[in-house]
Number of protein chains: 2
Amino acid sequence: MATIEDVAKLAGLSRSTVSRVINNHPYVTDRKKQLVYKAMKELEYYPNSSAQRLRKQRTDTIAVLVPRLTNPFFPFLIEGMEAIAVKNNLQLLICQTQQDKAKELNFLNLLKTKQVDGLIFTSIENEWATIASYQEGGPVLLCNEYKSEAKIPIIRLDQIKGSYIGARYLIEKGHKRIAYCGGMKTELGADRQKGFMNALREHNLEISENWIFRDLHSIECGKKLLREILAMEIRPTAVFSGSDEVGAGIIKEAKSLGLRIPDDIAVLGFDDQPIAELMEPALTTIRQPIKDMGKKTMEVMVSMLANEIKNNEKQVFELPIELIIRESV
Amino acid sequence: MATIEDVAKLAGLSRSTVSRVINNHPYVTDRKKQLVYKAMKELEYYPNSSAQRLRKQRTDTIAVLVPRLTNPFFPFLIEGMEAIAVKNNLQLLICQTQQDKAKELNFLNLLKTKQVDGLIFTSIENEWATIASYQEGGPVLLCNEYKSEAKIPIIRLDQIKGSYIGARYLIEKGHKRIAYCGGMKTELGADRQKGFMNALREHNLEISENWIFRDLHSIECGKKLLREILAMEIRPTAVFSGSDEVGAGIIKEAKSLGLRIPDDIAVLGFDDQPIAELMEPALTTIRQPIKDMGKKTMEVMVSMLANEIKNNEKQVFELPIELIIRESV
DNA sequence: CTGAAAGCGCTAACAT
DNA sequence: ATGTTAGCGCTTTCAG
């Protein structure tokens with residue numbers, strides 16, 4: 001493989017000049033520029049990116065930590081991020097944590113080993129205190145999930161409001177016994193539950209402990225949840241399902257058991273993913289502006305790389321969330 | 001940031017020795033090893049990956065070109081690849097071509113600039129002749145889509161057989177007028193159509209040109225396709241839809257127009273993605289062993305990196321394909 | 001078993 | 001406007 005030296009020799013110039021044309025620096029005569037181009041072409045020269053990175057102390061790469069790509073939420077989020085990244089000549093390194101603490105920590109080393117210039121969390125597995133120490137490696141920011149202790153930019157939705165309007169809608173439709181499905185390990189999960197509870201409290205409704213389901217994410221989980229509900233003596237009449245996947249599973253299982261939706265049981269989704277609209281009945285759900293959130297996140301990252309936004313300053317960017325009314329409630 | 005030099009000084013040793021312990025070389029006294037570990041910890045030292053790459057002339061990274069991550073087929077494929085990659089200390093660089101020729105070509109430069117050691121195509125936008133010249137940069141292989149001219153390993157399914165068994169099943173169910181949906185730009189698309197046609201020919205059936213649909217991929221496309229079919233004078237009674245997304249769109253639209261499936265129109269999907277089972281009626285489809293294909297692909301890549309499989313030798317690995325009978329046919 | 005030294009390929013002062 | 005030079009941080013001969 002040809003090196004910059006080979007190009008310089010063939011063009012009869014110095015390495016510096018070749019480097020200048022590679023990097024589009026000014027002050028190079030057109031004539032010499034052509035000479036360089038010709039030599040590069042002749043030798044099929046391509047700059048070695050490791051050498052460039054080592055020398056420039058910059059990789060123009062951003063790590064994006066996601067739990068898994070098979071959850072369609074994240075590909076959409078990435079699509080938004082990438083749209084802005086390409087405009088700024090940044091490359092994304094997509095890292096699947098598989099919800100594994102050790103893997104997440106491992107990916108943080110990308111920052112320490114200078115393999116990436118910045119890092120974006122879209123989910124958080126470890127304690128924030130553990131993660132915080134990695135910040136020296138470069139800009140770190142939070143998208144989607146968040147920790148209020150984190151002194152960094154956060155791009156998120158108002159989850160309290162989201163679940164509040166969802167729950168209120170269920171109540172307005174006459175439901176008094178509503179099951180809730182959502183995690184409590186994350187702050188996002190806690191906020192969602194808070195919003196849900198706020199709506200219930202406003203209407204003097206209560207929720208019994210066994211109507212609360214934790215850590216359900218998949219279609220299968222939704223099916224199982226429905227079966228559990230059906231086995232209860234006092235059954236909820238509606239489920240706040242926390243994700244469109246779980247909601248879809250509930251609907252699917254309900255129908256195969258001969259239940260009518262929303263008459264026998266109402267289902268509210270979360271996210272507004274493609275399946276929401278495909279279900280029969282179509283899933284009423286809470287829409288998150290996923291792609292916009294991705295875009296905004298990358299815009300903030302770009303600003304941080306340009307030092308326009310400080311690394312260690314808390315700053316919350318909140319995007320709107322809305323209820324999409326279909327047929328399942 | 002601390003460098004290897006700092007660690008060496010603090011430990012009272014040479015850079016070479018420190019490097020040896022970083023890379024787990026034999027022949028380092030335990031005592032000195034401990035000294036090094038202690039110093040590394042004290043200085044919070046992490047090796048600079050650009051420097052390592054430059055020196056080792058290796059990145060332990062494989063580029064994976066996919067059209068887009070929002071098509072759920074690809075996240076599953078990647079999941080399979082990654083399972084094998086992590087076991088072999090390889091990192092994946094996931095690249096979305098967005099089905100753009102120029103973007104695809106651009107990603108090929110990752111090989112020339114030595115940013116990755118190998119590259120995997122899961123879709124192909126450019127002519128093979130254009131792509132072939134990039135092979136010098138390192139192992140290149142084809143997964144899912146293929147070009148028979150390509151003199152490299154190919155991991156694929158028997159698409160001719162897949163669509164043949166699908167079409168035969170439709171015929172066995174009594175359908176004589178079957179619409180076909182699929183691309184012709186790729187060899188994969190051509191093979192699928194070939195298998196489909198084979199089945200028709202065996203049963204002396206014909207297909208009229210306007211029952212053939214091209215380049216449909218999304219749910220929306222499926223909906224539109226159904227409307228077009230309904231506007232025809234002589235309507236097909238079944239659709240070979242080429243993907244579960246398109247199939248789902250057809251079903252959704254059919255139901256909202258009050259048609260019964262499969263009585264009024266039968267639908268056959270392709271892939272067996274999660275939505276296939278969720279649809280009402282559930283989608284009969286042709287299952288591709290996506291995850292296994294990903295795994296096999298990465299296994300072959302590992303062999304190529306170890307020079308166990310030659311770079312420029314054609315070799316086809318074919319995985320099984322099967323019909324999943326549900327309710328839509 | 002350990003250290004000295006060379007150099008991977010590139011860019012950016014600095015000098016002219 | 002161009003060339004000279006000094007590294008970026010690391011690994012790997014080679015010697016001992």
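So you know, we letter chains A, B, ... as the sequences are listed, proteins then strands, and number each from 1.
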Which atom of B:Ile22 lies closest to which atom of B:Pro47, heavy atoms considered |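 Minimum heavy-atom contact is CG2-CG, 4.4 Å.
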
Between the side chains of [X] and [Y], is a donor N or O closer than 3.5 angstrom to an acceptor N or O?
X       : Y        : answer
B:Thr59 : B:Asp117 : yes
A:Arg53 : B:Gln115 : yes
A:Ser16 : A:Ser19  : no
B:Gln91 : B:Thr61  : yes

Nearest-Å distance for atom pair [atom1]/[atom2], residues [X] and [N]:
X        : N      : atom1 : atom2 : result
B:Lys9   : D:dG9  : NZ    : P     : 12 Å
B:Glu5   : D:dG7  : CD    : P     : 12 Å
A:Gln115 : D:dC10 : CD    : P     : 14 Å
A:Ile4   : C:dA12 : CD1   : P     : 11 Å
A:Lys114 : D:dC8  : NZ    : C1'   : 13 Å
B:Leu13  : C:dT2  : CG    : C1'   : 9 Å
A:His25  : C:dC10 : NE2   : C1'   : 12 Å

Does B:Glu313 come within less than 4.0 Å of B:Lys151, counting only side-chain N to carboxylate O?
->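 Salt bridge: no.
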
In terms of side-chain geometry, is the basic nitrogen of A:Lys101 or A:Glu125 positioned less than 4.0 Å from the acidic oxygen of its partner?
->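 Here A:Lys101 does not pair with A:Glu125 in a salt bridge, since their nearest N and O are not under 4.0 Å apart.
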
Side chain of A:Arg20 - closest among C:dA12, C:dG9, D:dT2 =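 Side chain of A:Arg20 sits closest to D:dT2.
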
Check every atom of C:dG3, C:dC10, D:dG9 against the side chain of A:Arg15 and return the nucleotide holding the closest atom.
->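 It is C:dC10.
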
Which residue lies more 5' along DNA chain C, comparing B:Ser16 with A:Lys56 via nearest heavy atoms |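 Taking each residue's closest nucleotide, the earlier one in sequence belongs to B:Ser16.
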
May I ask you to verify if any side-chain N or O of [X] is less than 4.0 angstrom from the OP1 or OP2 atom of [N]?
X       : N     : answer
B:Gln57 : C:dG9 : yes
A:Ser14 : D:dG3 : yes
B:Thr17 : C:dG3 : yes

Which of residues 29-53 of chain A have a heavy atom under 4.0 Å from DNA chain D?
->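 Those residues are A:Thr29, A:Lys32.
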
